[in-house]
Amino acid sequence: MTGEFGGALPAAVEEGVGGFRTTIENTTERGGVNYGEFIEEVRTFMDRARAACPTTELNDDILSRLRAINDLLKGVTIDEWYAPSGTRTDLPARGNIMLPPYTFLDQGADGVVATLRFRRFHLGGNSAVHGGYVGLAVDEVMGLAAGLARGITRTAYLTINYRSVTPLDTDLELKAWVDRTEGRKTFLRATLSDGDRVCADAEALFILLNPGQR
Ligand SMILES: CCCCCCCC(=O)SCCNC(=O)CCNC(=O)[C@H](O)C(C)(C)COP(=O)(O)OP(=O)(O)OC[C@H]1O[C@@H](n2cnc3c(N)ncnc32)[C@H](O)[C@@H]1OP(=O)(O)O
């Protein structure tokens, strides 16, 4: 991998211990006590950037501030395995700005129930959530359900049926559960609902990674 954030695979993978971050301690200590506030402010920025129609003058002002902020963040950039984004399990969506913020209402080996809220950033059109973000949320939560049931897995396929429009700025419920398992294969199902109305349902296959598999 090349680029500003690139680098070799972590030692855990190179040593054949398995993909993702099986040997690295998951801690909620990284990123500072106000990391959640930082992430929430970034989310608000993303929402407002999507909603804004700035002037040239305002862009100039914002650009100079953003460049200064990006320089600050570049100074504290680390590799993916130790970055708090994705491992702060005390925060919505593990502190990962890529994901729509969700929190678990229930989780276990049989399945998980999460509540989530899409925002202006996730707009597809006409006040509806972009279908790709629905897929992102479903893949994430099904992946966590597969992980709780089996261990470290990757998505082999994911089929989504968009049953009705998914609204922005609404508390939704996402349920994912194990349907059946066959060897390394875990078949899951999921539903995304706005109250009694199903917005989407999905089925997916997750494969348990072999030792050393990326
Ligand atoms: C904690 C964070 C949660 C986040 C969750 C997010 C999860 C993700 O998004 S992961 C990223 C997206 N997924 C990927 O990038 C995966 C890319 N693909 C791969 O890496 C590989 O193809 C992988 C791992 C899925 C399977 O490869 P491999 O380990 O070699 O297994 P392989 O032998 O091909 O298949 C195992 C079994 O699954 C079956 N299988 C594999 N893929 C498929 C498929 N697409 N459809 C149907 N069956 C399949 C095979 O037929 C085989 O079945 P059987 O054992 O009965 O012969």
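Scope of the values below: all heavy atoms of this structure, side chains included, with no hydrogens, waters or symmetry mates. Both counts, for ligands and for their atoms, begin at 1 and track the order of listing.
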Any side-chain heavy-atom pair of Val76 and Ile78 under 4.5 Å: no

Min heavy-atom dist Arg94 to ligand 1 below 4.0 Å: yes

Qualifying residue for salt bridge (Lys or Arg N to Asp or Glu O under 4.0 Å) with Arg119, from Asp171, Asp169, Asp47: Asp47

Under-4.0 Å heavy-atom contact with ligand 1, by part of Asp139 that carries it: both

Tyr157 N/O to ligand 1 N/O under 3.5 Å: no

Distance-only N or O hit between ligand 1 and Ala156, under 3.5 Å: yes

Numbered atoms of ligand 1 (with element) below 4.0 Å of Leu144, judged on heavy atoms: 1 (C)

Sub-3.5 Å N/O-N/O distance, Thr155 and ligand 1: yes

Sidechain N-carboxylate O distance under 4.0 Å for Asp201, Arg163: yes

Steps toward ring-ring contact (aromatic ring centres under 6.0 Å, His included) verdict (Tyr133, Phe121): CA-CA 10 Å; Tyr133 286 118; Phe121 178 75; 5.8 Å; yes

Heavy-atom side-chain proximity of Leu105 to Glu173 below 4.5 angstrom: yes

Arg197 atom CZ, over 12 foreign heavy atoms within 6.0 Å: yes

Under 3.5 Å: N/O of Gln213 near N/O of ligand 1: yes

Ligand 1 versus Leu205: contacting region, heavy-atom distance under 4.0 Å: side chain

From the candidates Leu99, Leu209, Ile207, the one that places a heavy atom nearest atom 38 (O) of ligand 1: Ile207

Any side-chain heavy-atom pair of Tyr102 and Leu144 under 4.5 Å: yes

Ligand 1 contact on Met142 by region, counting heavy-atom pairs under 4.0 Å: neither

Mode of Arg184 contact toward ligand 1 - side chain, backbone, both, neither (heavy atoms, under 4.0 Å): side chain

Single-linkage hydrophobic cluster, 4.5 Å side-chain cutoff, Met46 and Ile39 together: yes

